2 protein chains.
Amino acid sequence: MPEAPEAKPVAAGRQLLFLREEELRLAQDLLFFGYRDFTAGPDAILAELGMGRAHHRVLHFVGRRPGITVGELLAILGITKQSLGRVLTPLVEEGYVVQAPGRNDRRQRLLSLTEKGEAMERRLFERQREWVMRAYREAGPVAVEGFRRVMRGLMGPEARAQLDRALPEAARAPGAKPRSAA
Amino acid sequence: MPEAPEAKPVAAGRQLLFLREEELRLAQDLLFFGYRDFTAGPDAILAELGMGRAHHRVLHFVGRRPGITVGELLAILGITKQSLGRVLTPLVEEGYVVQAPGRNDRRQRLLSLTEKGEAMERRLFERQREWVMRAYREAGPVAVEGFRRVMRGLMGPEARAQLDRALPEAARAPGAKPRSAA
DNA sequence: GCGTTGGGTCAGCGTCATTGACACATCAAT
DNA sequence: ATTGATGTGTCAATGACGCTGACCCAACGC
């Protein structure tokens, strides 16, 4: 770990790539403040409804993959069954999410959003969309591409695999020329 | 937020900038997974010591601005006095942080890290440094610059101001040509 | 029929945040 | 010198979100 083997001397750019102390401290600050404010909008809406970030995540990932099983959702979120239960059960009870027995395996509970759930997710989505849109617009397309590359790099290998699996393929770059992996 | 008025049907370059549904969903995923895994390293170390992310944040910001007052720290973290107290008091008791009365205003408690606190912060720092370094290296310098611009854009105006104030000026772009506000 | 798997649930714990209320020392101004 | 505002600390209660351990049930698969 200490003294990373310098990787291969990356030609000229090395100077820029060497992570100086202050560069990381800046990254820490940016991620802390950025993530906090990124979630602030939805958080406010959720709070009014007596829900939290965890509920949003469930709505998000269920909305993204309707018919997802509980087990898959657990794997994506990386939490325990009990933790999910405390959030999922109320969502079902209050009619945001429906459970349907699996066709092949009837032990499974396939999750999907109700209309109410979709509306809710939509509302949270729109709030966040405004926010991210502003940031993207200010930063410009090149920066956005860079942002994606770095964030992807910050993910662990498992998360990266999940992300790929989670994306309905078509979604990965809809209409955009598949410019490498990025 | 309901029924975003479709914005006006866009011009040309706007196509890239218009935040399509899937683009935002991707951003949500990236931020969720990325932030989670970014904090995973320090979290593990902290857990061993019976501490949490909140402790890390205090160590980080106190280390960044030795002599910071409690009030300033509260403003940066955006939490309440009570929440900070629960984390700060143990840090002081266990000798990670020292409090010194302010010279001008003796009501103030100027916070700074002890040697033990610096060592701890250092340890967390190094762990995170490896992680971010890898992401930066894989993504390349242009991407890193883009990442910074977008993250900055995701911050609210207050956080942005705080960030600027928090940075010891020299730190903001050490050696890099100050390319506007970014 | 029996073990495994998918899912749910009870009980208890810990962290991190909240609000409201109060205490105390110090500063600053009258 | 009193008075009021400020900086900090603290008690008590609450809630969201995560965890472990233990146990249950229904359905699958052999």
Side-chain angles (χ1 to χ4, degrees), chain A residues 32 35-37 39-40 42-62 67-94 97-111, chain B residues 32 35-37 39-40 42-62 67-94 97-111:
Chain A
F32 169 60
Y35 188 75
R36 190 187 60 181
D37 294 348
T39 55
D43 283 354
I45 297 177
L46 290 158
E48 291 171 10
L49 295 148
M51 298 197 278
R53 224 173 270 183
H55 301 81
H56 187 189
R57 291 202 275 259
V58 170
L59 292 174
H60 171 78
F61 286 111
V62 170
I68 191 177
T69 68
V70 171
E72 289 167 333
L73 189 52
L74 283 176
I76 289 175
L77 294 174
I79 61 178
T80 61
K81 202 174 22 167
Q82 294 85 334
S83 295
L84 176 60
R86 202 163 25 70
V87 143
L88 182 56
T89 305
L91 282 175
V92 172
E93 284 170 353
E94 291 171 40
V97 174
V98 277
Q99 299 168 308
R103 296 122 339 233
N104 303 328
D105 186 338
R106 283 187 322 190
R107 287 171 305 180
Q108 298 177 332
R109 300 289 196 282
L110 307 185
L111 306 172
Chain B
F32 169 61
Y35 189 75
R36 191 187 60 182
D37 294 347
T39 54
D43 283 353
I45 297 177
L46 290 157
E48 291 171 11
L49 294 148
M51 298 197 279
R53 221 171 273 182
H55 301 81
H56 187 189
R57 290 201 276 259
V58 169
L59 292 175
H60 171 77
F61 285 111
V62 171
I68 190 176
T69 69
V70 171
E72 288 168 333
L73 189 52
L74 284 175
I76 289 174
L77 295 174
I79 61 177
T80 61
K81 204 175 17 167
Q82 295 84 335
S83 295
L84 176 60
R86 200 170 23 75
V87 140
L88 182 56
T89 304
L91 282 175
V92 171
E93 283 170 354
E94 291 172 39
V97 174
V98 278
Q99 299 168 308
R103 300 128 330 240
N104 304 327
D105 187 337
R106 285 186 323 192
R107 286 170 305 180
Q108 298 178 332
R109 300 288 195 284
L110 307 185
L111 306 172

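Nothing here was measured: the structure is a model prediction, and the numbers come from that model. Proteins come first, then strands; the chains are lettered A, B, ... in the order of their sequence lines, and each starts at number 1.
Counting heavy atoms from C-beta on, the side chains of A:Leu59 and A:Val97 come closer than 4.5 Å. Inter-residue side-chain proximity for B:Arg57 and B:Ile76 is flagged as unmet; no heavy-atom pair is nearer than 4.5 Å. In this structure the side chain of A:Leu110 never reaches within 4.5 angstrom of the side chain of A:Gln99, judged on heavy atoms.
The span of DNA chain C lying next to chain B, judged by atoms under 4.0 Å from heavy atoms, is bounded 5' to 3' by C:dT15 to C:dC27.
For A:Glu93, the salt bridge (Lys or Arg N to Asp or Glu O under 4.0 Å) test picks out no residue, with sequence neighbours left out. A search for side-chain hydrogen bond (donor to acceptor under 3.5 Å, both in side chains) contacts involving B:Gln108 returns nothing, not counting sequence neighbours. For B:Arg106, the side-chain hydrogen bond (donor to acceptor under 3.5 Å, both in side chains) criterion is met by no residue, not counting sequence neighbours. The side-chain hydrogen bond (donor to acceptor under 3.5 Å, both in side chains) search around A:His55 returns none, not counting sequence neighbours.
The minimum heavy-atom distance between B:Ile68 and B:Glu72, with the atom names listed, is CG1-OE1, 3.3 Å. Across all non-hydrogen atoms, the minimal contact from B:Phe61 to B:Leu77 is CD1-CD2, 3.8 Å.
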Atom pairs under 3.5 Å: protein N/O with N/O of nucleotides 27-30 of chain D:
residue: D:dC28; atom: OP1; partner: A:Arg106; partner atom: N; Å: 3.0

Under 3.5 Å, N/O pairs linking protein and nucleotides 16-21 of chain D:
residue: D:dC17; atom: OP1; partner: A:Arg53; partner atom: N; Å: 2.5
residue: D:dC17; atom: OP1; partner: A:Ala54; partner atom: N; Å: 3.1
residue: D:dC17; atom: OP2; partner: A:His55; partner atom: ND1; Å: 3.3
residue: D:dG18; atom: OP1; partner: A:Arg57; partner atom: NH2; Å: 2.6
residue: D:dG18; atom: N7; partner: A:Arg86; partner atom: NH2; Å: 2.5
residue: D:dC19; atom: OP2; partner: A:Thr80; partner atom: N; Å: 2.7
residue: D:dC19; atom: OP2; partner: A:Thr80; partner atom: OG1; Å: 3.0
residue: D:dC19; atom: OP2; partner: A:Ser83; partner atom: OG; Å: 3.0
residue: D:dG21; atom: O6; partner: A:Gln82; partner atom: NE2; Å: 2.8

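Where the helix from C:dG1-D:dC30 to C:dT30-D:dA1 starts and where it ends, the local axes point in directions that differ by 20°; five pairs per end, rounded to 10°.
Residue contacts for B:Gly85: at a heavy-atom cut-off of 4.0 Å it reaches no nucleic acid atom on any strand shown. Residue contacts for A:Glu72: at a heavy-atom cut-off of 4.0 Å it reaches no nucleic acid atom on any strand shown.
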* Go through A:Leu91 and A:Met51 one step at a time and tell me if the side chain to side chain contact (heavy atoms under 4.5 Å, CB included) criterion holds. => CA-CA 9 Å; A:Leu91 282 175; A:Met51 298 197 278; 3.8 Å; yes

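Pairs of residues two or more places apart, or lying in two chains, that qualify as salt bridge (charged side-chain N to carboxylate O under 4.0 Å, His left out) and include a residue from residues 44-56 of chain B are B:Asp43-B:Arg53, B:Glu48-B:Arg123.
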Atom pairs and distances, side-chain donor-acceptor, residues 83-90 of chain A, under 3.5 Å, sequence neighbours left out:
residue: A:Ser83; atom: OG; partner: A:Thr80; partner atom: OG1; Å: 3.1
residue: A:Thr89; atom: OG1; partner: A:Gly85; partner atom: O; Å: 2.8

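Separating the NZ atom in A:Lys81 from the CG atom in A:Leu73 is a distance of 14.0 Å, to the nearest 0.5 Å.
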